[in-house]
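Notes for the one structure printed next.
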2 protein chains.
Amino acid sequence: MPRSDEHEGGRVYARPALSATPPTLADVAERAGVSRQTVSNAVNNPDLLRPDTLTRVLESIDALGYSPNRAARNLRTRSSNLIGMRIGAAQEGTANATMDRFVHSLVETSREAGYHVLLFSGDSRDPVAGYDDLLRSTAVDAFVVTDTYLGNPQAAWLEERRAPFVAFGRPWESLGSRHSWVDVDGAAGTELGTRHLLDKGHHRIAWIGWRKDSRIGEDRRSGWTRAMHERGLPTTGLASRVEDTVASGREASAHLLDSAQPSAFVCASDTLAMGVLHTLRDRGLRAGEHVAVVGFDDSQVAQVVSPGLTSVRQPLEEVAVEVVAALEGLLAHPPVRGTGVMLAPTLAVRGSS
Amino acid sequence: MPRSDEHEGGRVYARPALSATPPTLADVAERAGVSRQTVSNAVNNPDLLRPDTLTRVLESIDALGYSPNRAARNLRTRSSNLIGMRIGAAQEGTANATMDRFVHSLVETSREAGYHVLLFSGDSRDPVAGYDDLLRSTAVDAFVVTDTYLGNPQAAWLEERRAPFVAFGRPWESLGSRHSWVDVDGAAGTELGTRHLLDKGHHRIAWIGWRKDSRIGEDRRSGWTRAMHERGLPTTGLASRVEDTVASGREASAHLLDSAQPSAFVCASDTLAMGVLHTLRDRGLRAGEHVAVVGFDDSQVAQVVSPGLTSVRQPLEEVAVEVVAALEGLLAHPPVRGTGVMLAPTLAVRGSS
DNA sequence: GGGGGCCGCTTGATCGATCCAATGACACCA
DNA sequence: TGGTGTCATTGGATCGATCAAGCGGCCCCC
């Protein structure tokens, strides 16, 4: 049984938001005594209208609670004002937490630029499945690609289809890639952390990073070696490359303490740094007093763990701003050649150093 | 200057994905020698076609790489297959981390139901601004509302406009609300945690929770009192209500240790539990040996901190499934009366207990 | 044998916006 | 006064899908 306030079929202008069907451009036009196109102009190119006409139209828009129908607009303009972003499987880790911080910033920045963020999840078997669907159905205007790690085919695939996208992460492999990207200088981050420790008087500073096939890991490692060599300090025997888990960090730090007696650790992630803290605790050593520790990512964990973990913080808000700026450029002009933006991280100093 | 592979204006069927304009329904129809509607049916109601026609059409769809234009479909069907979800300002905290886990699950579950998730950010001043825009422009089919805390006007506002939505969080206040919701039984969670401690032989179990005006906090607290009273144990003098910060948890636990000598703590959040761990560390007490601690949310922190924080884990994957199921019901049938689903959390036992 | 119903498919209209070409109004200047 | 140019505004066409109605062919049954 239809409810009494819906059965008329007509629109209830007195309470616009409650009406069954939202008002259309034509409704506004009729009420304001102008044509549809004029209303459209009032919304999209207000300068084209005479001031008095404009106010009259805007008044009607306001009174009716009109908002352009997204689908109709999208159909006509061939754009959706949506930015697609794939989120990986819910593996809980610090990398994920970083991504979430980025997503927040991206959503906020996109809003200011008139875009919304559409999230989709990928099939782990077919990494381009989600992209393909959205692209062919013209559901999104562009993509933000976040997982540009070693051998990831998405960037190349999108590039081949001329799909507009910006990567968060530099194109490590493909030299011929011409897409835009934004990245954080990981090496600069670890260099910052290492220098911070050097300035505190440490000389034997160890590195715990990821396996050699991780380009990101090797990049971060290079910041440590650079800072050490700069001061003429040796790095041999002070480095370890392991999996990105707390247990690995724990083991690696125990080994290093025994073999090389470092007074400080710089780690490729907060997860590994947590492992170091565990080892210190096992041995009755105090982080920040006896041995200093620096992590990477400035995760939630770094902030709440005792005595606070000094960590490299990526400027994700800036990354989001740059990504959106690049996207806007991409969508406004024909994509000639991509731009690359490298941002510098900062160091959040806490009790562990 | 137009590129050589784009200047013809026609479609390059040999390499469908590279063509400037994607193929349309009409293109498929022409190639398959049928009408547009038949192609439409092949996509949406395959049963209506004769098997041989169907295969012929599908073959053409495949060959052209056709995928229905989202905008056109949305315009005609008045639906977008998008679910809107607002994410709050990027206050970094465990609540946020929980939300991120939920978002992941929601995206995944939505995909299986044929929906995508559209994220938008709210203006903190006007909590319904984002909702209003999306609703009036018919950009989303429904909303998932996550912040249904005390005095939150969104649910009531959406209800009034007859906007389809499902809340993650029960309607604490409004008794007259008729919307669907899914929630996790927080009281059952703390009860679980408290019983776990009781079974371990603890008798004096303290509570550290949030201020009294938090309905969620009071709910979680009730689980603790219920479990205690069930065994005939007193709770007076064993509870503290503070802000949700590590520092507050630290202070509150120090006070309680001095005043009531509890042997265990149950906390309304992992953040507070971390504060307890700090206090124990300050006093040379070992979590899990001398004093047991149970947190809430099973955050990243709980998993990596030493010696591991026992914590109540919300079944967010299930929540997402129920939310999407409720949404599907809502969009399929006329919204008669909302349903409420209450899910039970589990306990992730770790070294702290 | 003729009417009714179903099947498989087609045709024209439609959703609500913007694009495009054209029109009316108006001012200016010769 | 009439021509010209500018500006605000108009009406029709269009984007690409689905809806609604209808059509011919076939079978069935009275």
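All values derive from a computational prediction rather than experimental measurement. Numbers restart at 1 for each chain; the letters A, B, ... are given by sequence-line order, proteins then strands.
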What's the [atom1]-[atom2] distance between [X] and [N], to the nearest Å?
X: A:Arg136; N: D:dG16; atom1: CZ; atom2: C1'; value: 17 Å
X: A:Arg78; N: D:dC15; atom1: CZ; atom2: C1'; value: 6 Å
X: A:Leu75; N: C:dT18; atom1: CG; atom2: P; value: 11 Å
X: A:Glu30; N: D:dG11; atom1: CD; atom2: P; value: 13 Å
X: A:Arg36; N: D:dT10; atom1: CZ; atom2: C1'; value: 9 Å
X: A:Ile61; N: C:dA17; atom1: CD1; atom2: P; value: 10 Å
X: B:Asn45; N: C:dT10; atom1: CG; atom2: C1'; value: 16 Å
X: B:Leu48; N: C:dC9; atom1: CG; atom2: P; value: 9 Å

* To do: Look at the rings of B:His179 and B:Phe165 and say which category their plane angle falls in: under 30° parallel, 30 to 60° tilted, over 60° perpendicular.
  => tilted
Residue [X], side-chain atoms from C-beta onward, closest of [options]:
X: B:Gln37; options: C:dT10, C:dT18, C:dG8; answer: C:dT10
X: A:Thr53; options: D:dA8, C:dC15, C:dT11; answer: D:dA8
X: B:Arg50; options: C:dG8, C:dG16, C:dT10; answer: C:dG8

Can a side-chain donor-acceptor contact be found between [Y] and [X] if the only test is distance below 3.5 angstrom?
X: A:Arg70; Y: B:Ser137; value: yes
X: B:Ser80; Y: B:Asn74; value: no
X: A:Ser60; Y: A:Arg31; value: yes

Under 4.0 angstrom between [X] side-chain N/O and [N] OP1 or OP2:
X: B:Ser40; N: D:dA17; result: no
X: B:Ser35; N: C:dT10; result: yes
X: B:Arg73; N: C:dC15; result: no
X: B:Asn69; N: D:dC15; result: no
X: A:Thr38; N: D:dT9; result: no
X: B:Asn74; N: D:dA17; result: no

* **Heavy-atom donor-acceptor pair, A:Thr77 side chain to A:Arg73 backbone, under 3.5 Å** => yes
* Does any donor-acceptor pair link the side chain of A:Arg76 with the base of D:dT14 at a separation under 3.5 Å? -> yes
